[in-house]
Protein chains: 2
Amino acid sequence: MNHNSVGLAVHEVLAAVLQVRDGQLRVLLWQRGIEPDLGRWALPGGRLGHGEDVQTSVLRQLAEKVDVREVAHVEQLEVFSAPDRMPHQRTVATAFLGLVPCVADPALPPDTAWHPVVDALRDSPATAFDHGLIVRRARDRLRAKLSYTNLGFALAPSEFTVSALRQLYSAALGYRVSATNLQRVLARRGVLIPTGGTAAPGPSGGRPAALYRFAEHGMRVTDPFAVLRPPEPRPI
Amino acid sequence: MNHNSVGLAVHEVLAAVLQVRDGQLRVLLWQRGIEPDLGRWALPGGRLGHGEDVQTSVLRQLAEKVDVREVAHVEQLEVFSAPDRMPHQRTVATAFLGLVPCVADPALPPDTAWHPVVDALRDSPATAFDHGLIVRRARDRLRAKLSYTNLGFALAPSEFTVSALRQLYSAALGYRVSATNLQRVLARRGVLIPTGGTAAPGPSGGRPAALYRFAEHGMRVTDPFAVLRPPEPRPI
DNA sequence: CCAAAAGTGTTCTGTTTACACCCATGT
DNA sequence: ACATGGGTGTAAACAGAACACTTTTGG
């Protein structure tokens with residue numbers, strides 16, 4: 001690397017694609033078949049192309065792993081740029097969070113699989129480079145935004161019961177959420193709309209559950225300011 | 001640009017350094033003396049160096065404009081990577097937010113000056129490239145974090161009255177904040193500590209104001225979850 | 001009739017805002 | 001005394017959590 005290359009670096013994009021399945025938050029990883037870090041699990045992604053910005057690039061790269069139409073939400077996380085984060089070649093990475101509804105079950109390439117996002121500090125599968133850290137950041141961002149945005153729409157199917165939504169939120173947040181309060185909070189904010197339909201009860205009976213859908217399918221901040229909000233002129 | 005250069009891009013770092021002065025939120029810009037965008041105002045920054053990550057780089061670059069010790073807080077904003085964001089050469093930028101206390105008055109290079117951050121959609125000075133957008137993102141991030149973190153420490157002097165703090169918050173947020181409530185909210189969260197001292201009243205009299213300081217000088221989230229918080233076992 | 005699951009009503013608590021009132025100082 | 005700015009007390013509004021209770025189904 002000579003002096004002229006100051007500022008020149010390989011730029012890659014990486015996506016932490018998260019999904020809730022079977023009460024567990026999981027992330028899409030592929031197993032590296034080449035050195036360095038052969039055999040370790042890595043986030044999907046690749047090099048930035050000529051005519052694309054980072055978001056376009058990450059969606060293009062994801063298309064190799066999953067049907068991009070199944071990705072309900074994508075947002076930038078953070079730049080990872082430690083000089084030694086990858087051996088041999090200086091590489092700057094823009095990391096993304098991607099969310100896939102729980103009903104999506106894309107056909108995966110043979111080297112690709114879902115892995116549970118563990119709460120422990122260590123990574124459960126051996127992850128490549130700094131990808132374990134990126135997954136943790138993605139999880140933290142999802143948890144934060146579930147609380148103050150309507151981001152649940154990206155994890156849920158088009159129609160669902162409050163019980164099903166409660167399981168999604170519980171798995172993503174890592175603690176038990178009350179169905180009663182979840183319904184009320186989201187309803188008050190206008191995030192949740194009843195479709196009018198009901199779901200059939202299970203084999204052991206029980207009252208049929210009402211079906212709901214998310215009012216919007218783009219992310220919206222529903223709880224913008226916790227404090228110090230601007231004085232709103234109230235209607236009489 | 002040939003096929004081998006896929007993924008290779010110039011990587012620059014840019015800093016939107018904000019400060020409140022005279023009741024106005026302002027940003028540090030320098031006037032370009034070369035094409036392209038000659039004469040337009042740009043954010044300080046420059047190319048990423050070999051052995052540094054983006055944060056190290058932005059602090060190094062800022063040292064050319066202000067005394068870095070006066071920068072009380074720095075955080076990553078977002079990557080800007082539109083292929084045509086700069087002419088001639090593909091350049092990916094990592095943008096940062098920097099905050100400088102209102103008392104800091106660094107000596108500035110002749111081509112550098114503070115500019116008010118305007119609320120209007122158009123940029124008040126003619127800004128270079130996409131730097132106007134970056135400034136707006138920096139302002140929005142500051143406004144959001146003032147509400148749910150202790151980030152005010154980065155705008156305030158070491159000791160201050162609640163009135164002075166109210167002016168800082170009002171200028172940064174763009175609307176009038178009540179001194180009464182500001183004091184109570186920050187005090188309850190343990191963000192604000194009374195020093196015991198008092199400030200001398202103005203020439204027209206008035207009760208002397210108590211002096212306060214921020215309890216911590218690193219950013220801390222003080223209002224972590226608006227809703228859906230985990231059940232906390234309460235003490236008896 | 002009973003168990004199971006879903007949904008509703010009610011209460012409690014904590015936070016934020018709004019506003020009235022009291023305090024300390026200079027003229 | 002009184003104006004001026006600073007501080008405190010208090011009540012109202014609201015959101016969320018917790019929990020008891022009712023509703024609707026299957027066996």
Side-chain angles (χ1 to χ4, degrees), chain A residues 146-149 159-167 169-170 173 175-212 221-236, chain B residues 146-149 159-167 169-170 173 175-212 221-236:
Chain A
L146 278 180
S147 181
Y148 68 93
T149 72
E159 287 199 355
F160 49 86
T161 66
V162 173
S163 300
L165 192 65
R166 188 191 70 77
Q167 286 176 40
Y169 272 73
S170 297
L173 292 172
Y175 53 82
R176 176 159 287 261
V177 175
S178 144
T180 300
N181 295 330
L182 182 64
Q183 197 273 351
R184 278 214 265 252
V185 166
L186 296 184
R188 187 187 5 228
R189 295 179 173 177
V191 169
L192 231 48
I193 307 278
T195 65
T198 54
S204 61
R207 175 171 169 175
L211 290 174
Y212 289 84
V221 174
T222 56
D223 197 10
F225 293 97
V227 289
L228 304 178
R229 28 180 174 278
E232 279 180 72
R234 342 170 240 190
I236 305 190
Chain B
L146 278 179
S147 181
Y148 68 93
T149 72
E159 288 199 356
F160 49 85
T161 65
V162 173
S163 300
L165 193 64
R166 189 190 69 78
Q167 286 176 42
Y169 272 73
S170 297
L173 291 173
Y175 52 82
R176 177 160 286 261
V177 174
S178 144
T180 300
N181 296 329
L182 182 65
Q183 197 273 350
R184 277 214 265 254
V185 166
L186 296 184
R188 173 149 28 92
R189 295 178 174 178
V191 169
L192 229 49
I193 307 277
T195 65
T198 54
S204 61
R207 176 172 169 175
L211 290 175
Y212 289 84
V221 175
T222 57
D223 198 10
F225 293 98
V227 290
L228 305 178
R229 28 181 174 280
E232 277 180 73
R234 342 172 239 190
I236 305 188

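Computed over heavy atoms, backbone and side chain alike; hydrogens, waters and symmetry mates excluded. Sequence lines set the chain letters: A, B, ... in the order given, protein chains first and strands last, and positions in each chain run from 1.
Distance CG (L211(B)) to C1' (dG7(D)): 14 Å, rounded to an integer number of Å. With rounding to whole Å, L146(A) atom CG is found 15 Å from dG16(D) atom P. Q183(A) places its CD atom 11 Å from the P atom of dG9(C), with the value rounded to the nearest Å. In this structure, L192(B) atom CG and dG7(D) atom C1' are separated by 14 Å, rounded to whole Å. Whole-Å rounding puts the D223(A) CG to dG16(D) C1' distance at 11 Å. The CG atom of L173(A) sits 15 Å away from the C1' atom of dG16(D) (whole-angstrom rounding). If you take CZ of R166(B) and C1' of dG6(D), they are 12 Å apart, rounded to a whole angstrom. Atoms CG (N181(A)) and P (dT13(C)) sit 16 Å apart, rounded to a whole Å.
In this structure, the separation between CZ on R184(B) and CZ on R189(B) is 14.5 Å, given to the nearest 0.5 Å. How far CZ of R188(B) is from OG1 of T222(B): 10.5 Å, rounded to the nearest 0.5 Å. Taking CG of L173(A) as the reference point, atom CG of L146(A) lies at 5.0 Å (rounded to 0.5 Å).
Remark: F160(A) engages F214(A) in a ring pair (Phe, Tyr, Trp, His ring centres under 6.0 Å) (not counting sequence neighbours). Applying the side-chain contact (heavy atoms from CB on, under 4.5 Å) criterion to A179(A), with sequence neighbours excluded, gives V162(A), R166(A).
Of the listed nucleotides (dG16(D), dG26(C), dT16(C)), dG16(D) has the atom at the smallest distance from the side chain of R188(A). Distances from the side chain of R189(B) to the nucleotides dG7(C), dG16(D), dT16(C) place dT16(C) closest. Candidate nucleotides dA24(C), dT16(C), dA6(C) were compared by shortest atom distance to the side chain of P208(B), and dA24(C) ranks first. Considering only the side chain of R184(B), dT10(D) comes nearest among dT10(D), dT16(C), dT25(D). Checked against dG6(D), dA5(C), dT25(D), the side chain of P201(A) finds its nearest nucleotide in dT25(D).
Counting any heavy atom pair closer than 4.0 Å across all strands shown, T180(A) reaches a base atom.
Residues A210(B) and G205(B) both approach DNA chain D. Their nearest nucleotides, taken by heavy-atom distance, put G205(B) toward the 5′ side. Nucleotides of DNA chain D nearest to Y212(B) and S204(B) differ in position, and the one nearer the 5' end is that of S204(B).
For the OP1/OP2 pair of dG6(D) and a distance below 4.0 Å, the side-chain nitrogens and oxygens of S163(B) include at least one atom meeting the criterion.
Donor-acceptor pairing under 3.5 Å, judged by distance alone, is present between the side chain of R207(A) and the base of dT23(D).
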